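As structure tokens, the structure follows; a few thoughts come after it.
The analysis underlying the following values was restricted to heavy atoms, covering all of them including side chains, and did not include hydrogens, waters or symmetry mates. Small disclaimer: the values here were computed from a predicted structure and weren't measured.
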Amino acid sequence: MKLTVYLAGEIHTAWREELTDKVRALDLPIDFVGPMTDHDKSDNIGEIVLGEQVDAIAKDEAASQINNLRTQLLLKKSDMVIALFGEKYKQWNTAMDASAAISLQKPLILIRPQALHHPLKELSNKANVTVETVNQALKVLAYIFE
């Protein structure tokens, strides 16, 4: 069995690389997909595809349409979702992706520090598993293959 796991969460730290490196070291049969992690490309994809937009709002709208299409497709094709909430960044996209996973009935591992327990309590309650660290999520993934 091979799994495809969508990695939702902030794109400013190396948590994805940390997780994927550890999965490879354990030789787990998992492929990873996720949002566009090149922030500039994500912000500019609307203009890359459609050309220069009339203002910043139109630019954001064009980019969000293409980013949402990409996310929807990859989420639907995934077997499960891991959503990481860190303490530093506003994480509306992470919440949106985690909610989409729940709506699509995709198994969801939620990673969030204890400090975010209260603001994420409802989302955490809908997740299959809630952990506090990437290493704990890794242990859940490894357990699936035991």
Side-chain angles (χ1 to χ4, degrees), residues 1-49 56-146:
M1 172 177 71
K2 188 167 192 160
L3 295 178
T4 299
V5 177
Y6 186 94
L7 298 178
E10 55 90 3
I11 64 170
H12 303 287
T13 63
W15 74 273
R16 283 180 180 79
E17 292 79 10
E18 176 188 351
L19 181 61
T20 57
D21 288 349
K22 290 177 178 182
V23 163
R24 281 191 208 108
L26 293 174
D27 199 29
L28 297 177
I30 299 174
D31 290 325
F32 293 101
V33 296
M36 173 54 62
T37 57
D38 180 332
H39 200 163
D40 287 336
K41 187 170 190 174
S42 175
D43 283 349
N44 293 308
I45 191 64
E47 290 191 329
I48 292 168
V49 172
I57 292 174
K59 178 182 175 182
D60 283 348
E61 290 294 319
S64 69
Q65 288 177 0
I66 297 167
N67 284 318
N68 283 335
L69 172 68
R70 183 179 187 280
T71 298
Q72 180 182 10
L73 179 67
L74 293 176
L75 272 171
K76 283 186 175 182
K77 290 190 170 283
S78 297
D79 298 302
M80 70 181 303
V81 176
I82 297 177
L84 178 132
F85 287 87
E87 293 188 53
K88 185 173 180 182
Y89 300 99
K90 304 288 185 205
Q91 295 165 89
W92 298 286
N93 287 347
T94 307
M96 185 175 70
D97 290 351
S99 296
I102 293 164
S103 294
L104 293 168
Q105 298 182 337
K106 300 288 181 177
L108 173 64
I109 298 173
L110 190 71
I111 305 172
R112 57 109 182 103
Q114 187 177 28
L116 294 180
H117 166 77
H118 183 75
L120 294 172
K121 65 187 177 299
E122 285 81 11
L123 192 56
S124 182
N125 188 264
K126 297 280 186 177
N128 294 88
V129 177
T130 299
V131 297
E132 293 183 7
T133 68
V134 169
N135 281 334
Q136 290 171 335
L138 174 67
K139 289 177 183 178
V140 174
L141 289 175
Y143 182 71
I144 292 169
F145 295 99
E146 286 185 9

Can you check whether [X] reaches [Y] side chain to side chain, under 4.5 Å on heavy atoms?
| X | Y | answer |
| --- | --- | --- |
| V81 | D97 | no |
| D60 | I57 | no |
| I11 | M36 | no |
| N44 | K59 | yes |
| S42 | R70 | no |

Over all heavy atoms of both residues, which pair between [X] and [Y] is shortest? Give the atoms and the distance, please.
| X | Y | result |
| --- | --- | --- |
| G9 | P35 | O-CG, 4.5 Å |
| Q91 | F85 | OE1-CA, 3.0 Å |
| L28 | F145 | CD2-CD1, 4.0 Å |
| P119 | A115 | CD-O, 4.3 Å |
| V5 | S78 | C-OG, 4.3 Å |
| M1 | I144 | CE-CG2, 4.0 Å |

Go through the steps to decide whether I82 and V140 satisfy the test side chain to side chain contact (heavy atoms under 4.5 Å, CB included), and finish with yes or no. CA-CA 11 Å; I82 297 177; V140 174; over 6 Å; no
[atom2] on [Y] to [atom1] on [X], rounded to 0.5 Å:
| X | Y | atom1 | atom2 | answer |
| --- | --- | --- | --- | --- |
| E132 | L110 | CD | CG | 11.0 Å |
| L3 | D31 | CG | CG | 9.0 Å |
| T37 | H12 | OG1 | NE2 | 10.5 Å |
| T94 | L120 | OG1 | CG | 9.5 Å |
| L123 | T130 | CG | OG1 | 8.0 Å |
| L84 | I109 | CG | CD1 | 11.5 Å |

Surrounding CD of Q105 (heavy atoms of other residues, nucleotides or ligands, distance under 6.0 Å), is the total greater than 12?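 No, not enclosed.
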Got a sec: does the NZ of K121 have more than 12 other heavy atoms crowding it under 6.0 Å?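 Yes, NZ of K121 has more than 12 neighbouring heavy atoms, counting only those of other groups under 6.0 Å.
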Side chain to side chain contact (heavy atoms under 4.5 Å, CB included) between M96 and N68, worked out: CA-CA 10 Å; M96 185 175 70; N68 283 335; 3.8 Å; yes
Under the side chain to side chain contact (heavy atoms under 4.5 Å, CB included) criterion, do F32 and V23 qualify, and how do the steps go? CA-CA 10 Å; F32 293 101; V23 163; 3.6 Å; yes
Knowing that exactly one of L108, D79, T71 qualifies, which makes a side-chain contact (heavy atoms from CB on, under 4.5 Å) with Y6?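 Of L108, D79, T71, side-chain contact (heavy atoms from CB on, under 4.5 Å) with Y6 is met by T71 alone.
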Evaluate M80 against L141 for side chain to side chain contact (heavy atoms under 4.5 Å, CB included), listing each step before the verdict. CA-CA 10 Å; M80 70 181 303; L141 289 175; 3.8 Å; yes
Closer than 4.0 angstrom, basic N to acidic O: yes or no for E18 and K22?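 Between K22 and E18 there is a salt bridge, with a charged N closer than 4.0 Å to a carboxylate O.
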